[in-house]
Enquirer: 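Structure provided below as structure tokens; questions to follow.
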Amino acid sequence: MPLAELPSGQIEYDVYGPEDSAHSPVLFVHGVLVNGLLWRDVAQRLADAGYRSYVPTFPLGAHRIPVPVGNELTPPAIAQLIREFVSAFDLGDATLVGNDTGGGLCQFALGVEPDLVGRVVLTNCDAFDKFPPQPFKFVFTLLKRKPVLNAAMPAMGAKWLRHSWLGFGLLATKPDAALTAEMVQTVRADPAIRADAAAVIAGIDALGDMSMATTRMSRVKVPVTILWGMADRCFTAALGRRLASAFPDAKFVEVPGSRTFVSLDAPQAVVDAVVAIGARTSD
């Protein structure tokens, strides 16, 4: 996997699709305790359609390279990594796609740099005072304690626990056991990755509310699609519609039957949203 050397640190990334694509590039941002695998199906489908996609794995607890001691893992610090990745790969005209905590981090990045990218697609994600929503607010409060995290993460090798409400059970309609096992592999096995995960979770818990970041979306003038899984019991449809109203130029699109991980439950819906918003800005 290629390695991006950014001013704030190293991150791994994957690239899908042709280098000479006729379309604007796509940049995907995942959330806490998952990695770029979340987007693999969507990125491959886009590649088959001729789109070039960049899929970084940010240090959010499912990464492979431990963060150097002393580096911040707060939401603003991760958002800075997003901005640095855009700059390093000249992705100013990209479609930025975020999900779950990653969608919240996109808002932090856009709050600092409203014209960071050419267009935005956010699927079910944190916004306003939902950072994270219940029951994950309770889970994060527990997991920010390193002894709890050190005990809980190795246990995620058990499918029943990994796919319960404490893991991926509320986030996807039918989680794939092989995929979820791969996502939690490093945090289960590597104490340094678990320490990073605890720091990320503590940073989110300390911040508590991302309302200031979300309200700054009024400064984002590029086209936005809010693509929302309507079967999500964590990030409700009402939250999605409220988020759409925070942007000057946003379209709210329903995805029936999908939960938080729209990219897993309905990957073609994400592909269609990327294609549609690209066609809209090329008219």
Side-chain angles (χ1 to χ4, degrees), residues 14 16 26-49 51 53-58 60 62 82 94-107 110 117 119-128 130-133 136 163 165 167-177 179-180 182-183 214 217 223-244 246-247 250-278 280:
D14 281 312
Y16 296 76
V26 185
L27 172 60
F28 291 99
V29 181
H30 61 82
V32 169
L33 296 177
V34 298
N35 53 34
L37 294 172
L38 182 75
W39 303 107
R40 183 167 56 189
D41 191 358
V42 172
Q44 188 56 61
R45 292 180 187 220
L46 283 168
D48 293 343
Y51 287 75
S53 296
Y54 294 79
V55 187
T57 288
F58 293 101
L60 293 171
I82 296 172
T95 300
L96 179 66
V97 185
N99 169 254
D100 194 23
T101 326
L105 295 171
C106 288
Q107 293 168 57
L110 292 166
V117 291
R119 61 208 65 78
V120 179
V121 176
L122 297 180
T123 72
N124 301 49
C125 66
D126 298 88
F128 299 104
K130 306 301 182 185
F131 191 53
F136 293 105
H163 290 188
W165 67 271
F168 298 96
L170 293 177
L171 303 175
T173 55
K174 295 180 180 179
D176 178 85
L179 179 65
T180 59
E182 193 172 355
M183 283 185 177
T214 305
M217 296 306 94
V224 176
T225 296
I226 304 298
L227 183 72
W228 217 258
M230 301 303 286
D232 195 338
R233 289 181 284 175
C234 303
F235 299 107
T236 65
L239 178 66
R241 292 191 176 94
R242 186 183 175 200
L243 176 58
F247 292 92
K251 179 180 181 182
F252 184 80
V253 178
E254 299 182 2
V255 185
S258 177
R259 294 184 181 175
T260 304
F261 289 164
V262 181
S263 60
L264 301 184
D265 286 347
Q268 192 58 43
V270 183
V271 172
D272 292 345
V274 169
V275 172
I277 201 168
R280 177 181 167 194

Enquirer: Keeping the roles fixed (side chain from Thr214, backbone from Phe128), state whether a donor-acceptor pair exists under 3.5 Å.
Expert: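 Yes, the answer is positive, given that a donor and an acceptor are paired below the 3.5 Å cut-off.
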
Enquirer: For Tyr16 and Leu46, what are the C-alpha separation, side-chain angles and deciding distance, and is it a side-chain contact (heavy atoms from CB on, under 4.5 Å)?
Expert: CA-CA 8 Å; Tyr16 296 76; Leu46 283 168; over 6 Å; no

Enquirer: Nearest 0.5 Å, please: how far is NZ in Lys130 from OG1 in Thr236?
Expert: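 The NZ atom of Lys130 is 7.0 Å from OG1 of Thr236, to the nearest 0.5 Å.
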
Enquirer: Phe168 and Phe261: side-chain contact (heavy atoms from CB on, under 4.5 Å), yes or no, with the steps?
Expert: CA-CA 9 Å; Phe168 298 96; Phe261 289 164; 3.7 Å; yes

Enquirer: Apply side-chain contact (heavy atoms from CB on, under 4.5 Å) to the pair Leu110 and Met217, showing each step before the final yes or no.
Expert: CA-CA 7 Å; Leu110 292 166; Met217 296 306 94; 4.0 Å; yes

Enquirer: Just wondering, do Leu122 and Phe247 contact through their side chains at under 4.5 Å, heavy atoms?
Expert: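 Yes; the side chains approach each other to less than 4.5 Å.
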
Enquirer: Roughly how far, to the nearest 0.5 Å, is the CG atom of Leu239 from the CG atom of Asp126?
Expert: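 If I round to the nearest 0.5 Å, the distance is 8.5 Å.
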
Enquirer: For residues Ala250 and Ala244, report the shortest heavy-atom separation together with the two atoms involved.
Expert: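 It is CB-O, 3.4 Å.
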
Enquirer: Check whether any side-chain heavy atom of Leu38 lies under 4.5 Å from a side-chain heavy atom of Leu264, and answer yes or no.
Expert: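 Yes, close enough: below the 4.5 Å cut-off.
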
Enquirer: Name the one of Asp232, Asp265, Thr123 that satisfies side chain to side chain contact (heavy atoms under 4.5 Å, CB included) with Thr260?
Expert: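 So the option named by the test is Asp232.
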
Enquirer: Measure the spacing between CG of Leu170 and NE2 of His163 and express it to the nearest 0.5 Å.
Expert: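 Result: 12.5 Å between the selected atoms.
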
Enquirer: Do you know which two heavy atoms are closest between Gly169 and Arg259, and how far apart they sit?
Expert: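 Result for this residue pair: O-NH1, 2.8 Å.
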
Enquirer: Return the minimal non-hydrogen interatomic distance between Phe252 and Arg241, and the atom names on each side.
Expert: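 Looking at all heavy atoms of both residues, the shortest contact is CE1-N, 3.5 Å.
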
Enquirer: Of all heavy-atom pairs between Thr225 and Val253, which one has the smallest distance, and what is that distance?
Expert: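 Result for this residue pair: CG2-CG2, 3.9 Å.
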
Enquirer: Give me the atom names and distance for the closest heavy-atom approach of Cys106 to Ile82.
Expert: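 Smallest heavy-atom distance, with atoms named: N-CD1, 4.3 Å.
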
Enquirer: Report the residue from Asp100, Val55, Thr57, Asn99 that forms a side chain to side chain contact (heavy atoms under 4.5 Å, CB included) with His30.
Expert: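 Running side chain to side chain contact (heavy atoms under 4.5 Å, CB included) over Asp100, Val55, Thr57, Asn99 with His30 returns exactly one hit, Thr57.
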
Enquirer: CZ of Phe58 to CZ of Phe28: how many Å apart, nearest 0.5 Å?
Expert: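 Phe58 atom CZ to Phe28 atom CZ measures 12.5 Å (nearest 0.5 Å).
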
Enquirer: Could you state the interatomic distance from CZ (Arg40) to OG (Ser263), rounded to the nearest 0.5 Å?
Expert: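 Between Arg40 CZ and Ser263 OG, I get 11.0 Å after rounding to 0.5 Å.
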
Enquirer: If we only count heavy atoms from C-beta on, is the Phe131 to Thr101 side-chain gap below 4.5 Å?
Expert: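 Yes. Closest side-chain heavy atoms under 4.5 Å.
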
Enquirer: Working to the nearest 0.5 Å, report the span between CG of Leu37 and CG of Asp14.
Expert: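 Answer rounded to 0.5 Å: 8.0 Å.
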
Enquirer: Looking at every heavy atom in both Pro133 and Cys234, which two are closest together, and how far apart are they?
Expert: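 Shortest heavy-atom contact: CB-O, 3.5 Å.
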
Enquirer: Does the pair Val42 and Val274 meet the rule for a side-chain contact (heavy atoms from CB on, under 4.5 Å), with working shown?
Expert: CA-CA 10 Å; Val42 172; Val274 169; 5.7 Å; no

Enquirer: With a 3.5 Å cut-off and no angle check, do the side chains of Arg119 and Thr95 form a donor-acceptor pair?
Expert: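 On atom types as modelled, these side chains qualify, holding a pair under 3.5 Å.
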
